[in-house]
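Here the structure is laid out as structure tokens; the discussion comes afterwards.
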Amino acid sequence: MSQEAAAPAAPAEEQPPRDGENQEDQAEEAPERQRQEAWAARKALIQHGPSYVMSLDRTASATQVGRDQLGVSGGTVHGNVYFGAAAEHTEHFAGVVPPEKTAELADVFRGCPSFDEALGRLRTDKVVVLSGGRDSGRQSAALMLLHRVAGGTVRHLVQPGSLPALLARLDSADGYLLLNFAAPRSNPLRESHLLGLRDRLERSGGHLVITVEPSAALDDVPFVRWEPPPAEEILHAHVTSRVGEAAWPELCGLAAVKEFVARQHPPAAIEQFAQRLVTVHRGEADEQALAAFSEQAVEAQVTRWLTDDQRALRDKAFLISLAVFDKAPYAVAAELSDVLYAGLQHTADPRQSPVIPVFGSAREDRLALAHARGYMGTEVTEWGVLGQFIAEFREERTAKALLEAVWNLHPSARTALVKWIKRLAEDGRPLVRTRAASATALLAEADFSSTMAHLIEPWADDPDPGSWLTAANALTLAHLLEVETVLPVLREWCTGEVERRCWTAIRAYGLLGPVVPEETLDVLLHAVQSNPDPVDEEGEPTEAGRQFADALELLLLAVRERVLGALAERLDSERTVRTYACLAFLQACKQTEEPGDRPLVLHWYADAVTAGDTTTARHLTTFWKALLADRVCGEQALGVLRSWVRRADGMPETESALAVLLRHITELPPNDHRVGHLLRSLRDSRVAPSPAAARLLDHLSAH
């Protein structure tokens with residue numbers, strides 16, 4: 001290798017320390033500079049964490065409606081064939097689906113009720129939105145819908161900036177396929193967007209199928225939720241297309257087949273199992289090998305990767321990095337894999353500096369070696385949903401198997417892996433920090449005691465609140481992975497003498513509220529009684545005040561009515577709980593789902609009034625009265641009301657909800673005076689008079 005083609009990287013130990021990294025002289029300043037709002041941190045965990053973290057979303061776990069969930073990085077479909085080559089975004093079409101591919105799929109595709117529903121809508125409306133999970137086979141279903149209705153050419157559409165931008169493209173009697181259309185909550189898909197498309201398709205004779213993630217925001221759009229056929233039907237189609245119908249009765253009676261179809265599998269896994277079943281039928285493999293083919297195949301592949309002396313250490317580092325950043329931007333996995341490689345190389349030979357090719361293997365080659373694939377997807381960022389080239393293993397169990405194997409079977413790699421994960425936890429990107437926590441949770445599932453000693457306890461003992469958050473996230477995710485020892489650890493830390501571990505446990509309980517609401521509330525209220533000083537002499541929140549307020553805020557917004565009622569009933573009887581609860585409620589009142597949206601608490605109140613839920617409306621009003629009367633929170637509460645009134649200037653629905661709330665808040669004379677003064681100052685502002693404030697004043701005067 002030439003010197004021009006490679007550049008040496010300094011070993012991890014020789015890298016200059018980053019600002020605030022383990023430096024005692026900055027320890028006191030770091031907490032305030034690095035502290036992240038609790039609700040924003042929770043959103044980051046849900047947006048960038050693994051799919052099972054959705055259980056922390058109260059609405060998602062209660063209803064399983066995708067539009068109520070927060071999106072995660074990436075998005076694709078397991079088990080579908082990607083047709084057509086990638087094209088520049090300046091082109092209208094990404095490619096035409098080869099007819100032979102469509103024919104191959106038609107031979108094994110089986111319909112189902114959701115397919116029939118979508119087919120009927122496509123024939124009638126010319127356009128249908130198909131919502132389904134990444135591993136549900138929705139892309140194959142979309143292609144078959146167009147094959148059944150249009151029959152002719154099917155074209156892939158490049159992702160448009162907006163649906164109206166598609167109008168110029170739908171100019172022929174073809175079938176059009178728009179895959180993985182991103183519809184974030186800040187810019188939801190509306191039925192009005194489809195009207196122009198439908199009219200254009202009526203005139204051209206074309207048909208359009210749009211596939212979206214379950215997390216897509218579909219405001220008033222009729223859509224079909226894609227549910228694939230039962231596993232047995234898909235398996236039957238793949239097997240009989242190869243060996244004929246006569247062989248099926250015997251094959252489907254095999255114990256391994258019965259066990260397989262009884263479990264949920266993505267279409268891709270079913271197809272692979274069908275191929276193995278065919279080999280059994282032909283006598284090329286026995287039934288015993290069939291029984292555990294999937295797990296054994298993954299584990300064997302991982303073992304070959306890690307023990308292959310011919311595979312470069314840098315390639316192995318990329319595999320491990322991809323396991324942490326599976327279904328995340330390829331560039332992030334590749335960038336950080338080189339950091340891991342430097343650490344692994346130092347372990348292997350401290351005298352040799354790692355050599356990193358600046359312009360090495362092509363992206364496609366690295367993905368092929370990793371048995372991975374790439375696709376254009378999306379990443380949720382603080383600037384919105386952005387397009388990214390996403391990388392993921394073709395076999396979804398590979399990531400977990402890789403991390404478990406590295407941690408348990410190759411302990412010599414632990415030193416470098418631990419340092420690397422700690423560095424990820426200090427990264428400026430929420431995605432990277434979240435993946436540090438999710439990787440730690442998988443390691444905790446594989447070996448809890450070692451993971452606690454190497455990662456979670458050091459984070460919990462660190463003076464930086466950002467490290468406490470990482471430890472809390474890791475423990476939260478480990479509990480969602482059903483690691484039974486997590487809750488006992490949290491209980492012990494909450495009642496222990498080590499404050500930093502206590503704050504870590506409190507945050508973890510706040511996150512786990514939707515999963516274990518009763519225990520969470522009981523533990524937090526008990527711990528609150530042991531910390532009677534939520535504010536200092538200057539009226540500023542203490543560390544206990546911040547931590548308990550953060551946890552209670554998460555519970556209020558995620559669990560809602562149950563926690564709201566429990567806290568509201570204690571406002572007058574338990575002074576310590578009252579102060580913590582007011583701090584939490586004040587923070588909750590500042591939160592919105594997306595920038596520019598209606599405040600979550602005000603939306604909550606409006607929904608309660610509309611639904612006739614007088615108990616919830618009364619509890620929210622009680623909290624507001626307590627806020628305005630509180631010496632610590634009173635002025636800040638007025639500031640929140642000021643922001644709500646300003647927001648109402650452009651949102652009629654916000655103004656109507658605020659009018660009802662203010663009428664109940666101002667039943668007490670002190671509040672009537674303070675709120676009236678606030679509204680008059682906004683109405684008479686020389687800089688920006690508020691029309692909403694004037695109308696709200698008139699409304700209050702009329703009552």
Side-chain angles (χ1 to χ4, degrees), residues 66-67 77 79-84 92-99 101-133 136-160 162-183 189-214 216 218-229 233-234 237 267:
R67 73 179 68 185
V77 184
N80 293 322
V81 180
Y82 179 78
F83 304 113
H92 287 176
F93 306 110
V96 175
V97 179
K101 295 294 186 181
T102 305
E104 290 176 8
L105 180 60
D107 287 341
V108 297
F109 185 82
R110 293 295 181 269
C112 57
S114 58
F115 181 83
D116 294 338
E117 179 186 354
L119 189 63
R121 288 196 184 183
L122 185 60
R123 285 172 172 158
T124 303
D125 300 339
K126 298 290 185 178
V127 58
V128 67
V129 177
L130 199 64
S131 172
S136 64
R138 67 184 180 196
Q139 180 175 325
S140 295
L143 179 57
M144 282 298 96
L145 287 171
L146 293 171
H147 176 67
R148 298 277 181 89
V149 174
T153 302
V154 176
R155 299 179 181 273
H156 278 286
L157 294 171
V158 169
Q159 291 288 337
S162 62
L163 280 184
L166 289 177
L167 288 175
R169 311 182 190 182
L170 311 178
D171 56 358
S172 67
D174 294 331
Y176 297 96
L177 191 55
L178 178 58
L179 299 176
N180 308 328
F181 181 72
L189 182 62
R190 304 182 189 279
E191 188 173 17
S192 58
H193 295 157
L194 302 183
L195 295 179
L197 297 176
R198 187 176 302 160
D199 180 66
R200 184 58 178 253
L201 291 165
E202 288 280 1
R203 287 186 276 116
S204 67
H207 296 80
L208 169 64
V209 177
I210 303 171
T211 68
V212 298
E213 291 284 315
L218 307 176
D219 190 11
D220 52 358
V221 173
F223 66 94
V224 176
R225 188 173 301 283
W226 169 248
E227 296 291 343
E233 292 184 15
I234 300 176

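- In this structure, Arg123 CZ and Leu145 CG are separated by 9.5 Å, a value rounded to the nearest 0.5 Å.
- Val209 approaches Ala142 most closely through the heavy-atom pair CG1-CB, 3.5 Å.
- At a threshold of 4.5 Å between non-hydrogen side-chain atoms, the residues Val97 and Leu146 do not count as touching.
- Nearest heavy-atom pair, Leu122 versus His207, reported as atom, atom and distance to 0.1 Å: O-CD2, 3.5 Å.
- Rounding to the nearest 0.5 Å gives a distance of 12.5 Å between CD of Glu202 and CG of Leu170.
- Ser172 pairs by the side-chain hydrogen bond (donor to acceptor under 3.5 Å, both in side chains) definition with Asp174, Tyr176, not counting sequence neighbours.
- Thr211 is listed as a side-chain neighbour of Asn180, based on a closest heavy-atom distance under 4.5 Å.
- Atom CG of Asp199 is separated from atom CG of Leu194 by 12.5 Å, given to the nearest 0.5 angstrom.
- We find the NZ-CG distance between Lys126 and Leu197 to be 13.5 Å, quoted to the nearest 0.5 Å.
- Looking at Ser131, its side chain never comes within 3.5 Å of a backbone N or O of Val224 through a donor-acceptor pair.
- Arg138 places no side-chain N or O within donor-acceptor distance of the main-chain N or O of Leu179, the cut-off being under 3.5 Å.
- With rounding to the nearest 0.5 angstrom, the OG1 atom of Thr124 is 10.0 Å from the CZ atom of Arg198.
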Using distance only, find each side-chain donor-acceptor pair of residues 105-115 under 3.5 Å and give its atom names and separation, not counting sequence neighbours.
residue: Ser114; atom: OG; partner: Glu227; partner atom: N; Å: 3.2
residue: Ser114; atom: OG; partner: Glu227; partner atom: O; Å: 3.0

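- Between Met144 and Thr102 there is a side-chain heavy-atom pair separated by less than 4.5 Å.
- Using a 4.0 Å cut-off between charged nitrogen and carboxylate oxygen, Arg121 and Glu117 count as a salt-bridge pair.
- Each of Leu130, Val221, Val129 was checked for a side-chain contact (heavy atoms from CB on, under 4.5 Å) with Val212, and the lone residue meeting it is Val129.
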